[in-house]
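Structure first, commentary second.
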Protein chains: 2
Amino acid sequence: MPLRVLLVDDEPLVRAGLRAVLEAQPDIEVVGEAADGAAVVPLVRQTRPDVVAMDVRMPLLDGIEATRALLRTVADPPKILVVTTFENDEYVYEALRAGADGFLLKRARPAEIVHAVRLIAEGESLLFPASVRQLAAEYGDGGGNRAARAALARARLTEREGEVLRLMARGLSNAEIAARLVVGTETVKSHVSAVLAKLGARDRTQAVITAYESGFVAPG
Amino acid sequence: MPLRVLLVDDEPLVRAGLRAVLEAQPDIEVVGEAADGAAVVPLVRQTRPDVVAMDVRMPLLDGIEATRALLRTVADPPKILVVTTFENDEYVYEALRAGADGFLLKRARPAEIVHAVRLIAEGESLLFPASVRQLAAEYGDGGGNRAARAALARARLTEREGEVLRLMARGLSNAEIAARLVVGTETVKSHVSAVLAKLGARDRTQAVITAYESGFVAPG
DNA sequence: ACCCGGCTCCCCCGCGCGGGGGAGGCGGTC
DNA sequence: GACCGCCTCCCCCGCGCGGGGGAGCCGGGT
């Protein structure tokens, strides 16, 4: 019996790509597609997939909430493979904490995508596939990038800290961040200090650099 | 005779998606794929496509350089459709200036993708609707990226100031920059102040953000 | 000869930043 | 209930940062 896969991504192009890659395998069958997280639970009930390949960043209901919804409401839920554009996407960590079984970069090669789906289906927990390291080597050979990713991977920023880092990366001062988040400046200083410590950054500039280099924030 | 399309994108998944979408059309034929800009010119010579669907951000040779190379070296060059993930990608503007005929967001619907390829092939210069709004709005409010580019264009940094900004963007303190450039810290402070003034930045963090957003320094 | 732009260095000064440490409340888990 | 992680706020304190102003040196341009 074939391996049944459900695709969830708001970009039709990505769905088409995944479908093309996966259906080239004789033992893999794409049993459905959804464009947002809200449609996932009913579709899973209807199609009973073995694996859900799910984007994290989606309108209406993101991959994190969709993962929680699946695990909460569906008996014998499918394996969940989170598909993401960036390494160290903080949403990915949340999705994994929410119960996803692994994650995969969109820029992975077809063979790696197929491999990841098979591994997940077999119950392997796929967190840091070799492909990530390989991709890191292929792409930025600059050690800075890898260090940035490593720093952010170690970091495990809390939700609030991530929020603060994002505002830091937009050039806001502590006072401005405090105003934006409607808290005291001392509170912001606490969060900033925590971010610096977790990222191994000496000052906010270095933290922002790490945010850019790791893909935590994207230029453009 | 069918419309011949060449796909250039470093992500196999995106290529597979575009291929699936385009080959669903009876009058469109995908005549080749390339994973980076360096392979484009020989492939175009070999396959003679009508349209090249090209990613901007790629390893080795990006979409901008590949566009320039095509228009410079190939007689009767194909139409160039730039494919991008983000609206307001500054690379896209550069690609258009370099001679690309239009651009398209990756999250476009299949029908829009097909439509774009057909329009481009007919010689229409195409900007995806969502981005036209951006282009129109940029004269008014000027999105962050645009502002960053404008700031850097206004800036006219001297060679030394550019050097200093680059080091700032690597997280170095004034003292460290001074040591690196073998000058006094007061000198560095002068340069930093000049950079901040020219970029309209309040502090070094904002300057580094502008450096990233404008493409003056590139992540990865 | 003159001026000008760029690079270099110097002064004073205010303030935001970041380190260190502490503390209370709140929602989870065991 | 006890514990723990997170968020919130407070203190003190040193220092790097950035603003303002000035100055000497060099090379190029008219």
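Chain A is the first sequence line, chain B the second, and so forth, proteins listed ahead of strands; every chain is numbered from 1. Computed from a prediction, not measured in an experiment: that's the story for all the values here.
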Figure out the [atom1]/[atom2] separation between [X] and [N], and round it to whole Å.
| X | N | atom1 | atom2 | value |
| --- | --- | --- | --- | --- |
| A:Glu176 | C:dG16 | CD | P | 11 Å |
| A:Ile177 | D:dT8 | CD1 | C1' | 16 Å |
| A:Glu159 | D:dC6 | CD | P | 11 Å |
| B:Leu181 | C:dT8 | CG | C1' | 12 Å |

*Between B:Arg166 and B:Glu163, does at least one N-O distance fall below 4.0 Å, as a salt bridge requires?*
no
_Any carboxylate oxygen within less than 4.0 angstrom of a Lys/Arg side-chain nitrogen, looking at B:Glu65 and B:Arg68?_
yes
_the helix from C:dA1-D:dT30 to C:dC30-D:dG1: angle between end helix axes, five pairs per end, rounded to 10 degrees_ = 40°
*By salt bridge (charged side-chain N to carboxylate O under 4.0 Å, His left out), which residues pair with B:Arg170, not counting sequence neighbours?*
none
*What pairs with B:Arg15 under salt bridge (charged side-chain N to carboxylate O under 4.0 Å, His left out), at least two apart in sequence or on another chain?*
B:Glu33
*Looking at B:Asn174 and B:Val192, what are the two nearest heavy atoms and their distance?*
OD1-CG2, 3.5 Å
Scan the side chains in residues 44-53 of chain A for donor-acceptor partners under 3.5 Å anywhere in the protein, sequence neighbours excluded, and list what turns up.
unit_1	atom_1	unit_2	atom_2	d
A:Arg45	NH2	A:Thr73	O	3.0
A:Thr47	OG1	A:Leu43	O	2.7
A:Arg48	NH2	A:Ala75	O	3.3
A:Arg48	NH2	A:Asp76	O	3.3
A:Asp50	OD2	A:Arg4	N	2.7

_Treating primed atoms plus P, OP1 and OP2 as sugar-phosphate and everything else as base, which nucleotides of nucleotides 17-29 of chain C get B, S or - for protein heavy atoms under 4.0 Å?_
SBB----------
*Below 4.0 angstrom from OP1 or OP2 of D:dC6, is there any side-chain N or O of A:His191?*
no
_Show me the pairs that pass salt bridge (charged side-chain N to carboxylate O under 4.0 Å, His left out) and involve residues 176-194 of chain B, at least two apart or across chains._
A:Arg202-B:Glu176
*Pick one: which of A:Asp55, A:Asp9, A:Leu7 meets side chain to side chain contact (heavy atoms under 4.5 Å, CB included) with A:Val14?*
A:Asp9
